[in-house]
Protein chains: 2
Amino acid sequence: MSRPRGFVEADVLERAMQYFWTNGYEATSMSALTGYLGLHPGSLYRTFTDKHTLFLRALEHYRDTQTRQLAPTLLAGGPVLPRIRTILIDYLEAAADESVPRGCIAVNTVGERLPRDEAAGRIVQEILALVEDGFRQGLEAAARHGEIPADTDVATEATTLMTLLQGLQVVVKAERDPRRLTRMIDAVLTRLAEPVRHVDA
Amino acid sequence: MSRPRGFVEADVLERAMQYFWTNGYEATSMSALTGYLGLHPGSLYRTFTDKHTLFLRALEHYRDTQTRQLAPTLLAGGPVLPRIRTILIDYLEAAADESVPRGCIAVNTVGERLPRDEAAGRIVQEILALVEDGFRQGLEAAARHGEIPADTDVATEATTLMTLLQGLQVVVKAERDPRRLTRMIDAVLTRLAEPVRHVDA
DNA sequence: CCAGAATGTGAACGTGTGTTCTCAATGCGT
DNA sequence: ACGCATTGAGAACACACGTTCACATTCTGG
């Protein structure tokens, strides 16, 4: 009842996520944010309590809209390894294309807020776990279809891919040239596909 | 001439680096910093101009005292691969031991200040380049001594190790349990040492 | 031993921050 | 049609931040 809202909460969350993503937490002032969102402070605080609470909800929005897509994307059918390659390469090209590379909001949050901000830490942990699990599911499918050796330790390899991806998000923001990094990605994935045999000296 | 300083500039820089390292840039207030350094605002600003300038000098101090040690450490004689392993594992254990894992100041700076802060970006880029070059020199020595195959693409593998290390610094701050990460490191290094042969299906 | 330049000291300043308050406008339930 | 809870609007608040100032202190060069 009474007067209805002039905005959709999910839309505001999406835009807030975008803003925090490119500007970080501290460097995002509430006045700049209200301007960007087209909301007045009153509406913002009534709906989201706090700057910090809004930030956490934006992080959760990232987790639910961005990270949750990974596993379904990898398992959509057809070869998995090329899909993993595409995902990694896309990050590089996005950073090279954007005039302002913003990396990954989870990685940025780790650098800026952890370990001080425990609530943000928990959400980031969930994001990392989702990424790792997505890679694990993808590698399991790849093992079943013979893309990689059947005896591959998929759990460990998933951890490697996840860690490598986080490292990529760091490196990409500091150094934009994607060529060296592309070669690295191809080397890692090629190795993954190749059966390994011990050779006696 | 005139009154001499009551502090040593390098010592202040070291302490400032430590404080920025654990607290980040924005969350470090000048009043907290002066308290921690035992300096009054006047002395600080006369010597270091600015909060931002002091931060940049602290970053350079990190580059010169921490990162520059990598190559000499790896080339100190004896097998290189175990030394690389020790370096990576030490990061994990340090994060697990510390009540407050602070990761790496370069990675934290990427998350908090880049790409906005171009001056910091340049220093971080130098740090990453030093790390990568240290690994490359180490791998070249390892190839010469037969620790890894002689035809290894050491430049690409150095990029992989550098990126993996940055990823590690991110993951370690979000999730402290080092065991999974230890397994991953061992898997990566073991692979590096093993000759790879293509096997016809 | 004295002149003078740089230092230690800590109070003070202006600015921008996150947040709250007041008030008119709005539209649903009855 | 009307009451009233909730909204949009934006001025205002308290506070903390980075920075500067004025002044007494201290030591060196001549």
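Reminder, nothing fancy here: chain letters follow the sequence lines and each chain counts from 1. None of the values given here were measured: they were computed from a predicted structure. What you see below is based on every heavy atom in this structure, not just the backbone, and it leaves out hydrogens, waters and symmetry mates.
Between the side chain of Asp50(A) and the backbone N or O of His52(A) there is no donor-acceptor pair closer than 3.5 Å. In this structure, the side chain of Thr109(B) engages the main chain of Ile105(B) through a donor-acceptor pair within 3.5 Å.
Under the side-chain hydrogen bond (donor to acceptor under 3.5 Å, both in side chains) criterion, Asp133(B) pairs with Arg136(B), Gln137(B), sequence neighbours left out. Residues satisfying the ring-ring contact (aromatic ring centres under 6.0 Å, His included) test with Tyr62(B), not counting sequence neighbours, are Trp21(B). Taking Gln18(B) as the reference, Glu14(B), Arg102(B) meet the side-chain hydrogen bond (donor to acceptor under 3.5 Å, both in side chains) condition, with sequence neighbours excluded. Judged as a salt bridge (Lys or Arg N to Asp or Glu O under 4.0 Å), and not counting sequence neighbours, the contacts of Arg5(A) are Glu9(A). Residues passing the ring-ring contact (aromatic ring centres under 6.0 Å, His included) test with Phe48(B): none are found, sequence neighbours excluded. Take Phe7(A) and apply the ring-ring contact (aromatic ring centres under 6.0 Å, His included) test, not counting sequence neighbours, and it matches no residue.
For the helix from dC1(C)-dG30(D) to dT30(C)-dA1(D), the end axes, each set by the C1' atoms of five terminal pairs, are bent relative to each other by 10° (nearest 10°).
Applying the salt bridge (Lys or Arg N to Asp or Glu O under 4.0 Å) test to pairs two or more places apart or on separate chains, those with a residue in residues 121-132 of chain B are Arg180(A)-Glu132(B), Arg63(B)-Glu126(B). Listed by first then second residue, pairs satisfying salt bridge (Lys or Arg N to Asp or Glu O under 4.0 Å) with a partner in residues 28-49 of chain A number zero, not counting sequence neighbours. For residues 109-161 of chain A, no residue pair satisfies the ring-ring contact (aromatic ring centres under 6.0 Å, His included) rule, not counting sequence neighbours.
Residue Leu39(B) contributes atom CG, which lies 12 Å from atom C1' of dT9(C) at whole-angstrom precision. Between the CG atom of Leu44(A) and the P atom of dG10(D) there is a distance of 15 Å, rounded to whole Å. Rounded to an integer number of Å, the gap from CZ of Phe48(B) to P of dG8(C) is 11 Å.
The phosphate of dT7(C) (OP1 or OP2) has no side-chain N or O of Ser43(B) nearer than 4.0 angstrom. When the side-chain nitrogen and oxygen atoms of His40(A) are compared with OP1 and OP2 of dG8(D), none of them lie within a distance under 4.0 Å.
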> Reading nucleotides 13-26 of chain C 5' to 3', which nucleotides get B (base under 4.0 Å from a protein heavy atom), which S (sugar-phosphate only), which -?
Replying inline: ----SSBB----BB
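Sorted by residue number, the members of residues 6-18 of chain A with any non-hydrogen atom under 4.0 Å from DNA chain D read Gly6(A), Phe7(A).
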